[in-house]
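Only one structure is covered here, and it is reproduced in the block below.
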Number of protein chains: 2
Amino acid sequence: MSALEARITRGDLENDKPLPPERDLMEEFGTSRTVVREAISALANRGLIELRPRFRPIVRKPDYGTLINATGTIVRYLLNEPSGVQNLYQSRVFIERGLVRDAALNATKEHISDLKAALLANSNAIMNSEEFFQTDIDFHGVLYRISGNPVFPAMHKGFTSWLSPNWARMRRSIERNETVYFAHKEIYDAILERDPARAEAALIEHLRVAWGFVEETF
Amino acid sequence: MSALEARITRGDLENDKPLPPERDLMEEFGTSRTVVREAISALANRGLIELRPRFRPIVRKPDYGTLINATGTIVRYLLNEPSGVQNLYQSRVFIERGLVRDAALNATKEHISDLKAALLANSNAIMNSEEFFQTDIDFHGVLYRISGNPVFPAMHKGFTSWLSPNWARMRRSIERNETVYFAHKEIYDAILERDPARAEAALIEHLRVAWGFVEETF
DNA sequence: CAGTCAACTTGGTCGAACCAAAAATCTGTA
DNA sequence: TACAGATTTTTGGTTCGACCAAGTTGACTG
């Protein structure tokens, strides 16, 4: 049963390597194949194993990303509840407010440089809404990375994948891209000037406006 | 397979009610019991179903708390990795910094009253380290509730359950309880005075000191 | 009417079997 | 010998039937 889980978490099964065949495992644990399969599917649901049909299960050392993946199903359900989207979006705003404040206070030259590059890519994509969407995500992604804590990039991945369905419905236009770009620039400038309050204010305004764009399509 | 999941998320299976027997489900979906069982265990692993041995599975409408429960296994693994605990604790500090800032800015009279009550309970428990531990958690819990966003209390539950193993090892004493209490009071006072910067500073110092208490026992 | 015990229900496990696709092996040709 | 194709073996996915033990139900008894 969960002895299998132990074998994985203990690490005596290497990462990215296929699991032993089910028939070997049932012999090793002295149990039936039914039990082995249930254990495997349980581990797969928790993200410790990657399961492709007809292929040997692959051991995945869990990282903060698998955490996000594992929660996907439930989050998607919660988003369908009253104010589910709002609660999540509000959480995102909360996080990013803290992130930009910290960025303004602590960002290194490299971080600033990354941010500038993301901003440039953002600017270059204004005419192409498809591409702009991605550079938009990337710009915010840099903010999450500046924290230096791997938890935050994972959260960013979660936010984007969970909220993008709503986001994707948004009507796009070059003017809106420009609006977003200038908002990003304002955030960048505030960080450059080491002004956390201004950075936070700029971010709040940015996400408020963006939320308005999304809401408009209900 | 996932048609079962649909039946639950669609809500035509009531919350807190037992699932139909496996043998009925296999008839309903025209599949074997093995498949039904795998589907059920999959849902259980995601927290949509509560599974007690020998009892009928109980449908659980997922909330933000089940999200935390579902991630427990993976988080516990991540905590065993290098700087896993540090990453999580740092995330907690980050969140609470934002929370106390917002509390200082937006807390209502009721919130302040709740906080005051939590502080009082904290004070009353100084002589009893066991009880103090709980009131300590509760005090921070109020901070999470003030946000008004159900995501945050769930995060609080996660932080406490994930970090408490480390926390529990901490050597306790009345002096330390007093130190913690005064730190809480400082945070409370700053919120009362609507001073976000001071509240944040007090919280940072508080959690820095507390971390030191924990680290001391490595 | 309450308590008890037997019969039924139901989740947990097992074993055997079959299928299809992947992996490994073999074979024949160049 | 080397390589491509055919063949065999392995292996995951699924089904069926059976058994056990614990929970549930209900009838029977005092």
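Letters A, B, ... mirror the listed sequences (proteins, then strands); counts begin at 1. Note that the coordinates shown come from a computational prediction; the quantities given were computed from them, not determined experimentally.
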Base-contact (B) and sugar-phosphate-only (S) positions in nucleotides 17-23 of chain C, heavy-atom cut-off under 4.0 Å, - elsewhere: B--BSSS

Return the value, rounded to whole Å, for the distance between atom CD of E38(A) and atom C1' of dC14(C). 12 Å

Separation of atom CE in M26(A) from atom P in dG12(C), rounded to whole Å: 19 Å

Apply side-chain contact (heavy atoms from CB on, under 4.5 Å) to the pair F94(A) and D102(B), showing each step before the final yes or no. CA-CA 9 Å; F94(A) 176 90; D102(B) 284 359; 3.6 Å; yes

Which whole-number value in Å describes the distance from E22(B) CD to dT13(C) P? 11 Å

For T31(B) and dT14(D), is the shortest distance between a side-chain N/O and OP1 or OP2 below 4.0 Å? no

To the nearest Å, give me how far apart CG (L25(A)) and P (dT11(D)) are. 11 Å

Would you verify whether the NZ or CZ of R176(A) falls within 45 degrees of the ring axis of F213(A) while also being under 6.0 Å from that six-membered ring's centre? yes

What is the separation between atom CZ on R52(B) and atom C1' on dG11(C), rounded to the nearest whole Å? 12 Å

For dG13(D) and T34(B) - does any side-chain N or O of the residue sit under 4.0 Å from the phosphate oxygens OP1/OP2? no

Would you check if R46(A) and T66(A) make a side-chain contact, meaning some heavy-atom pair closer than 4.5 Å? no

Roughly, in whole Å, what's the span from CG in L19(B) to P in dT10(C)? 12 Å

What is the distance from CZ of R37(A) to C1' of dT15(D), rounded to the nearest Å? 12 Å

Please determine if R172(A) forms a cation-pi arrangement with F132(A), meaning its NZ or CZ atom is less than 6.0 Å from the six-membered ring centre and no more than 45° off the ring axis. no

Separation of atom CD1 in I58(B) from atom P in dG11(C), rounded to whole Å: 12 Å

Counting only heavy atoms from other residues, nucleotides and ligands, does the tally under 6.0 Å from CD of E27(A) exceed 12? no

Using side-chain heavy atoms (C-beta onward) and a distance below 4.5 Å, is N69(B) in contact with K157(B)? yes

